[in-house]
Structure formats: structure tokens, C-alpha cells
Protein chains: 2
Amino acid sequence: MNKPRILLIDDEEKIHQFISISLTAEGFEYLGCRDASSGLECFQNDKPNLIILDLGLPDIDGSAVLAMIRKIGNIPILVLTAREQSAEKVKLLNAGANDYLSKPFEIKELIARIKVLLRDIQYEPIPAELHFENLIIRTFEPMVFIKNTSIHLTKKEHQLLLLLAINPGVLISQKKILVAIWGEFHSGDSHYLRVLITHLRKKLKDDAEDPIYIKTEPGIGYRFIC
Amino acid sequence: MNKPRILLIDDEEKIHQFISISLTAEGFEYLGCRDASSGLECFQNDKPNLIILDLGLPDIDGSAVLAMIRKIGNIPILVLTAREQSAEKVKLLNAGANDYLSKPFEIKELIARIKVLLRDIQYEPIPAELHFENLIIRTFEPMVFIKNTSIHLTKKEHQLLLLLAINPGVLISQKKILVAIWGEFHSGDSHYLRVLITHLRKKLKDDAEDPIYIKTEPGIGYRFIC
DNA sequence: ATTAAACGTAAATTTAACGTAAATTTAGCG
DNA sequence: CGCTAAATTTACGTTAAATTTACGTTTAAT
């Protein structure tokens, strides 16, 4: 496997210095950002395998960043916090953090926690393109190719297709899809999804009755068939 | 999905009391052991989905227990520790713990961490497929295979078959089945079940008179024979 | 032998879920 | 601001699943 890429979003230069050294020493690839907006950009462009996020950022509130990242993908996030309030911690974990460390912390503990997260979640980097028989799906931009003709997708259509196509043959539940794309789930929201599926199928020229790409599993979810 | 089962191994009765209350309130099933040896036994027999392990056990050293559990399976383990040494924590995480909490801790934080672990690791107590002579039953989706031809089941048919097939040879009472599938039970509801059994048998090409898969035990219930 | 209780199954009915078109609202951009 | 594309909401026809009804068959007890 490639070196896991780890993105540190923190405004303290000292933290960057000593974390980057330890990370590279441990065989990780280090990426660094000093504020939330460039951190989000880096997340989109460089596809890190894990994010270390400081909550006390200058531009955007850390928990907002957390929510934004969670909306896009399920990358493991380790939060650094100065506060030692237990209620705060609970909020963080519920908001989507996978773990946290209070400053000051020991670098060894940070490394250990990173390893645990990478081990448990078995995060695998996603290739730039997914190739299937007649279909190519770009993962960085909402575009697909069918027999070499390009088709533009909307952001949501793209997210949906990726979610399904990354797990070819696997049945993905409606709930999972709703959470992945809309961030939350209220029972009865599945009509959003039905419409989105229709739009996507239309663009892919897929027939719901006799699908080549997206198969409905009634009462449960959808499945990408290849 | 079934309630996640959580095993607490700790020698303090008070801890058991207030953790068990919170766990059940949060929809988990609580299992409790007071020492390491019975904890290990419970782990083997009851297949919990997560273990909360206190390090200060009377009989065996906690980290030895940790290692033993790790040897058998990759169930998430949350360690409780009185010590606050960072070096100790690192050792724990490297030894196979997925997370830890120092006593005293807030119960809310414990619950939050449990949820994160269960969410991330997506621990599946049941294997993805149950294999029998000529029959393969998918557990995540309503599909079975008989001699490599796939057969689609409805949700209820699938639930019923799983309930029976997870306990091969065991007689399951009608009442148990009704409760498991419909959530409640009113005497005289068994005709629902008879119809469902018929549907299922038809799809499995099973003959009620001379069954290969589902045997009727008149007056009591049904039994999966393999 | 007759009867009652329990079962199996076919068919009818009701309910839930899906797919799609069209209308409306929201968001991004010059 | 005004335009365009995207996202959401509404509405409705269609299909599949679940439930209900009805009835014939087996089994075991009187």
C-alpha cells in the first residue's frame, strides 16, 4: 500500500514542525494547512487518508469544518482541542470526529491514535477514475464517459454514483445513501433519493426496469452492477 | 438490526450499576462480568459487539486479557483505566485497544465513544453468508442461492429464514417468530406466519410434507434442518 | 367415525414502495 | 438584478409486498 497521507490543519507553526517530523519518521506523508479554507481545499484536491484538525482555527470555527468534511466523505478525523470539557468532547464525537486529543499531548500518543484509526477504518485511497465495461467515472469532478462521450453530472448525482460504484455489486441501503449525501436522515426522505436516482439513470441512459448500472432492491436500497 | 451487545468486564459493582442503566437506556444490550476469566468465557459464548475492559482486574492483568481477546477476534475494545500516564495509554493502543477512558469519566462520553467505535468499525456479529449443503443465505440482503441460482426473497421472508437458519436444528416457537418479525404478538396471529412460511417454502422449492429446509413442529413452531 | 384444532395454500384486498414528470424553490454567476 | 442550472417538492400512475380472507387437508382425541 502507498504511504498514508495525513493532513494537519492547525494555525500553530510549532505544531506543524514537530508533527511533520514525527509523521514522516513513522512512514506517513505529511500535508499541512494553516487555516480552514485552505484545509478544505487540500482535502478536496489531495485526498488525504486522515485529517488532524485543530479546533481553534482563525478563520472558521473548527466544528463547522468538521461538519463540512463529514458531508463529503467518511475520512477519519482526529480533533485537537485545547478545551478539556467533557461535554465538548461528546459534542465533537457526535459531530463526526473519530477521536480527539487535548493539548498539550504527547506525540507518541498521537501517532498511536493515528495508527489505530487507520487500522480500524481500513481507509483506502480512491483512484482518480473508476473504469467499467463501457463506463468511466471521474472521481475528482462530476463527469462520466460512456463509450468515450462525456456526460456532465451534478454534484449530487456524482456523489451518488460514486458511492454506489466504489462498492460494485454491494447493496447500499437508502439510509446509508441519505446520510452520505444529505448528511442526515429522516424517515420519509427517500423521495429525494428516488428523484435523484431517476435523474442519474436518465443521464446514464439506464432503464429502471432492466438496468445495466443501477439496480433497485425494493425496500432496502440500490446496487451498482458492473 | 439487532441491538448491539456490549460486555463490561469490571470488578466494581457501582460501575456495573450505572453503566448498565445507561447502556440499556441507549438501546444497547448489557452483559456484565466481574473478572477476567468469566469475561473471556462470556466473550466466547455470547459474541458481544464491543467490550469495555477495566485494567484493574483482580485475577488476571488487564493487558493480558486485552492480548487474549485480540488473538481471537477484532472486536472493538474500550479500556477503562485509573492511571493517567500517557506512556501507558500508548502501550494500550498498540496492544490492540481501540480507545480508552480514564476513571473517573462521564457516562455521556463513554456512550459517545461506544457509538463512534460501533459506527466506524461496523462490527458484524453475523457472517455475510450462511452456507449449507446446497443453500447459501445472504445475511445483508434478501437473497439466497440454491445450487448457484440466485433467488430473491422479500424482507419478511428473509427475516424469517435468517431467524431459523442462524439456529440450525433448533426449534423456534411461533411466538418467538411473530415477535421477531412483527414486533409483537397477539394470540391468533399465527395465520400470518403460515402464509409467510408457504411463500418462503415455495421460493426454496421446499415441500411441507417432506421438507429439506423448514420442518413444521405442530403446535409449537418451526425448525431449520440442514 | 366425528369433531376440533392446526396446518397449507390459493386468491383477493390493502398497503407500501417505486419511477417519473412537472412545478417550485434555491444557489451560483456575470 | 436577472439568468441558468441545480436541488427540492409535489403529484400521480404502476408495481410489488404484505395482509386478509377463505377453504381444503391432516392429525389426534373423544
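Residue numbering restarts at 1 for every chain, and letters A, B, ... go by the order of the sequence lines. Only a predicted model underlies this, so the values are computations on that prediction, with no experimental measurement involved.
Taking side-chain N and O atoms only, Trp182(A) has no distance below 4.0 Å to OP1 or OP2 of dA7(D). The shortest distance between the side-chain N/O atoms of Gln174(B) and the OP1/OP2 oxygens of dC7(C) is below 4.0 Å. A close approach under 4.0 Å does not occur between any side-chain nitrogen or oxygen of Ser190(A) and OP1 or OP2 of dA17(C). Phosphate proximity of dT8(D) to Lys156(A): present, with a side-chain N or O under 4.0 Å from OP1 or OP2. Here Thr154(B) reaches the OP1 or OP2 of dA18(D): one of its side-chain N or O atoms lies under 4.0 Å away. In terms of phosphate contacts, Tyr222(B) brings a side-chain nitrogen or oxygen within less than 4.0 Å of OP1 or OP2 of dG8(C).
The closest side-chain heavy-atom distance from Ile52(A) to Leu110(A) is below 4.5 Å.
For the pair Lys155(A) NZ and dT4(D) C1', the computed distance is 16 Å after rounding to whole Å. Atom CD1 in Ile181(B) sits roughly 16 Å away from atom P in dA17(D) (whole-Å rounding). The interatomic distance linking Glu157(B) (CD) with dA17(D) (C1') rounds to 9 Å, in whole Å. Distance, Leu160(A) CG to dA7(D) C1': 14 Å, rounded to whole Å. Protein atom CD1 of Ile177(B) is 11 Å distant from nucleotide atom P of dC7(C), rounded to whole Å. For the pair His191(B) NE2 and dT25(D) C1', the computed distance is 19 Å after rounding to whole Å.
Only Tyr192(A), Val195(A), His199(A), listed by number, bring a heavy atom of residues 192-211 of chain A to less than 4.0 angstrom from any atom of DNA chain D.
If you take CG on Asn49(B) and CD1 on Ile114(B), they are separated by 11.5 Å, rounding to the nearest 0.5 Å. Taken to the nearest 0.5 Å, the OH atom of Tyr30(A) stands 9.0 Å off from the CG atom of Leu7(A). Taking OG1 of Thr81(A) as the start and CG of Leu53(A) as the end, the distance is 10.0 Å to the nearest 0.5 Å. Separation of atoms NE2 (His16(B)) and CD1 (Ile9(B)) is listed at 9.0 Å; rounding is to 0.5 Å.
Aromatic pair Phe132(B)/Phe224(B): centroids less than 6.0 angstrom apart.
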Evaluate side-chain contact (heavy atoms from CB on, under 4.5 Å) for Asp10(A) paired with Ile19(A), printing each intermediate quantity in order. CA-CA 11 Å; Asp10(A) 197 313; Ile19(A) 285 187; over 6 Å; no
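As judged by a 4.0 angstrom heavy-atom cut-off over every strand, His158(A) is placed among residues making no nucleic acid contact.
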